[in-house]
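In what follows, a single structure is set out as C-alpha cells and then discussed.
Sequence lines set the chain letters: A, B, ... in the order given, protein chains first and strands last, and positions in each chain run from 1.
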Protein chains: 2
Amino acid sequence: MRDVTEVGDEKMAEKTRERGRPRGFDANAALDRAVEVFWRRGYEGASLSDLTEAMGINRPSLYAAYGNKEELFRRAVARYAEADMAYAREALAEPTAYQVIARFLRANADALTRTDRPPGCLSIQGGLSDGSDGGSVAQFLAASRLAGERALAERLVRAVDEGDLPTGTDPVALARYVMVVSEGNAVHAAAGADRAGLHATVDIALRAVPGNPQGAG
Amino acid sequence: MRDVTEVGDEKMAEKTRERGRPRGFDANAALDRAVEVFWRRGYEGASLSDLTEAMGINRPSLYAAYGNKEELFRRAVARYAEADMAYAREALAEPTAYQVIARFLRANADALTRTDRPPGCLSIQGGLSDGSDGGSVAQFLAASRLAGERALAERLVRAVDEGDLPTGTDPVALARYVMVVSEGNAVHAAAGADRAGLHATVDIALRAVPGNPQGAG
DNA sequence: CTATTTCTGTATCGATCGGTACGCAATAGG
DNA sequence: CCTATTGCGTACCGATCGATACAGAAATAG
C-alpha cells in the first residue's frame, strides 16, 4: 500500500521535510500534462507511453506518484474541474437565473474553443462508452457532469424561491437543458466547430430560458 | 486484394451463383451484432474478440467478409444510419419547420432510450477523441453527424423560402442548435437519463424554435 | 470422379497494452 | 563515514491487441 495522497499537499511541503531522494519533477505540472493527453485522446486512447512522454517522467515514477492509470485519470479530472471549469462556479454567482445561464453558456463556448487547449471538454472526451473496464470511467465522468448539473439546479431552485424565475418553472429540467446545450456544444467543438458557431447556438438556446431579453418562456 | 463489396448485394445474390464453399453465416445479421458492440463499447473499446463472439464468427471470417476492424466499423455505421436513423429522414418530410424539428427531437429522444438497444447513439458512442489511430474514426463520425446537420439545414432553407420560418432566420444556425440538443441528449442518455427527462429537455428546447405553439422566436 | 474455388477453424504472429522487479542514485539522520 | 529511505531508469512481465498462415472442409464446373 503506497500513500499517494501527498500530491497537492503543498501546504505542508515546507514543514514536513521528507527523507530519501527528493522527487525530480513537479507533480502538479506533470498532472497538467496528463490532463491534456486524456483530453485529446480519451481515457482508453491515452497509453502509458503517451502519458509518460508528455509528463516527462518514467513509468515507475508515474505509478509511485499516482497509483495507476485510472487513479491518474481521476486526479486529472479533479484538476481539470478545479482549473478549467472555474468559469462554471463563477457563473453561479450571477444575480439572476438568466444571467447565470447566459454567462455559463458563453464562458463554456469560449472554453470549448480555447486555442491553447484541446477542443471540447475533458469530461466528454474522456470517454462515454463502456470500455474494456466495464464503464467505470464513463460512470465516473457521468457522475462528474451530473454534479455540475445539480449545482446549477440548486442555484435555479433558489432563483425560483427569489421570484427570479416564473412560478411553475422546473429548475431541474431547466438545468438539464442548459447542460444538454453545453454538452452538445462540446461534441461540436470536438468535431472542429469554431467559437462563433457555438455562440450562435447559445444565441438560440437562450431564447428558451425564462427571463431572457426577448421575453420568451 | 479481396473483394469485400458483396455484403449488401443481395439483389444479385440469386442471379450470380458463386463457386466455392458458401458462407456459413448471414453477413447482414452479423453486421447488426457488430453495430450493437460498437454502440455499447465504442470503436476502440470494442475488441475483435468482443466482435467475433457477438457476431458468432471466427476472426478470419470477419476479415474475409469486411476487410478489417475499421472497415467493419464504417459498414456498421452505414447500417446504423440506414436502420436506426430512419426517423430523422422521416422527420424532414413534415410540412413545417417547427414540425420537422419537433418530430425529429421527439423521435430522437425515443431512439436514445429504446430498451432493446444500447442507450445513446452510435455516432457519439463510437468515439469522439483522437484514439491511437490519429482520429480517423472520430473524424468519420463527425462527418457523418455533419451530414445530418446539413440535411436539416437544407430543409430549413426551404422553410425560409416558403415563408415557413420568419425572415432573417438563420437556417444553418437553427439546424446546428437542433443537432446540439440532439447530441447533448445523446450524452445524457448514455449516462442513464430516462426517456421522460429527455422529453422534458425537448419541451424547453422547442421554445427557442420559431413557429412553436408558445409563439417565441 | 478431379480440379478449382472459397469459406472455416486452429494456432499463431509481432506489437503494444497496463503494470513491476530490481539495482542504482540521491537525499537525511546518525 | 554509514545506514535508512525514497526516487529514478532499465529492462521486463503476462495479457491482450489487431491481423494472418495454413490446412482442411464444402461447394461448383467439367
Side-chain angles (χ1 to χ4, degrees), chain A residues 1-7 9 13-27 29-30 34 37-38 41-74 76 127 131-134 136-137, chain B residues 1-7 9 13-27 29-30 34 37-38 41-74 76 127 131-134 136-137:
Chain A
M1 282 290 187
R2 270 201 178 273
D3 178 16
V4 276
T5 58
E6 43 72 41
V7 174
D9 292 356
E14 308 303 327
K15 291 192 61 172
T16 317
R17 202 59 187 151
E18 307 285 347
R19 282 184 303 187
R21 179 174 174 174
R23 177 174 286 148
F25 63 95
D26 182 338
V37 174
F38 283 127
R41 321 251 298 173
Y43 175 76
E44 291 212 291
S47 72
L48 282 182
S49 298
D50 295 332
L51 291 164
T52 53
E53 185 186 0
M55 298 166 81
I57 62 177
N58 293 106
R59 231 170 268 225
S61 298
L62 189 153
Y63 278 83
Y66 309 96
N68 58 23
K69 187 186 178 185
E70 186 162 344
E71 271 297 317
L72 172 63
F73 180 70
R74 296 178 121 93
S132 41
D133 60 340
S136 80
V137 166
Chain B
M1 279 291 189
R2 271 200 178 274
D3 178 16
V4 276
T5 59
E6 43 72 41
V7 174
D9 292 357
E14 309 302 328
K15 290 193 62 171
T16 316
R17 203 60 187 149
E18 308 284 348
R19 283 184 302 187
R21 179 174 175 175
R23 178 173 286 148
F25 62 96
D26 182 337
V37 175
F38 282 128
R41 320 251 297 172
Y43 174 74
E44 291 212 289
S47 72
L48 282 182
S49 298
D50 295 332
L51 290 164
T52 54
E53 185 186 1
M55 299 166 80
I57 62 178
N58 293 106
R59 232 167 267 223
S61 299
L62 188 153
Y63 278 84
Y66 308 97
N68 58 25
K69 188 187 178 185
E70 186 163 343
E71 273 295 318
L72 172 63
F73 180 69
R74 296 179 122 93
S132 40
D133 59 341
S136 78
V137 166

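Rounding to whole angstrom units, CD of residue E44(A) and P of dG18(D) are separated by 11 Å. The nearest whole Å value for the distance from the CG atom in L62(B) to the C1' atom in dT10(C) is 16 Å. Distance CZ (R19(A)) to C1' (dT27(C)): 11 Å, rounded to an integer number of Å. Residue R59(B) contributes atom CZ, which lies 9 Å from atom C1' of dT16(D) at whole-angstrom precision. With rounding to whole Å, R21(B) atom CZ is found 6 Å from dA26(D) atom P. Separating the CG atom of N68(B) from the P atom of dA15(C) is a distance of 19 Å, rounded to the nearest angstrom. Atom P of nucleotide dG18(D) and atom CZ of F38(B) are separated by 9 Å, given to the nearest angstrom. Atom pair I57(A):CD1 and dT6(D):C1' shows a separation of 15 Å (rounding to whole Å applied).
The nucleotide whose nearest atom lies closest to any side-chain atom of N58(A) is, among dG19(C), dC8(D), dA19(D), dC8(D). Side-chain atoms of F25(A) lie closest to dC8(D) of the nucleotides dG9(D), dT10(C), dC8(D). Picking from dA27(D), dC17(C), dG18(C) the nucleotide with the shortest atom distance to the side chain of P22(B) gives dA27(D). Checked against dG9(C), dC17(D), dG7(D), the side chain of R23(A) finds its nearest nucleotide in dG7(D).
Proximity of T52(A) to N58(A): side-chain heavy atoms (C-beta onward) are nowhere separated by under 4.5 Å. Annotation: side chain of S61(B) is not in contact with side chain of M55(B) (no heavy-atom distance under 4.5 Å). Side-chain contact check for Y63(A) versus L72(A): every heavy-atom pair is 4.5 Å or farther apart.
Side-chain contact of D50(B) with S47(B): a donor-acceptor pair under 3.5 Å is present, judged by distance alone.
One finds no side-chain N or O of S61(A) lying less than 4.0 angstrom from the OP1 or OP2 phosphate oxygen of dG7(D). Note on S47(B): a side-chain N or O is less than 4.0 Å away from OP1 or OP2 of dC17(D).
Geometric assessment of K69(B) against the ring of Y43(B) yields a positive cation-pi assignment under the 6.0 Å and 45° thresholds.
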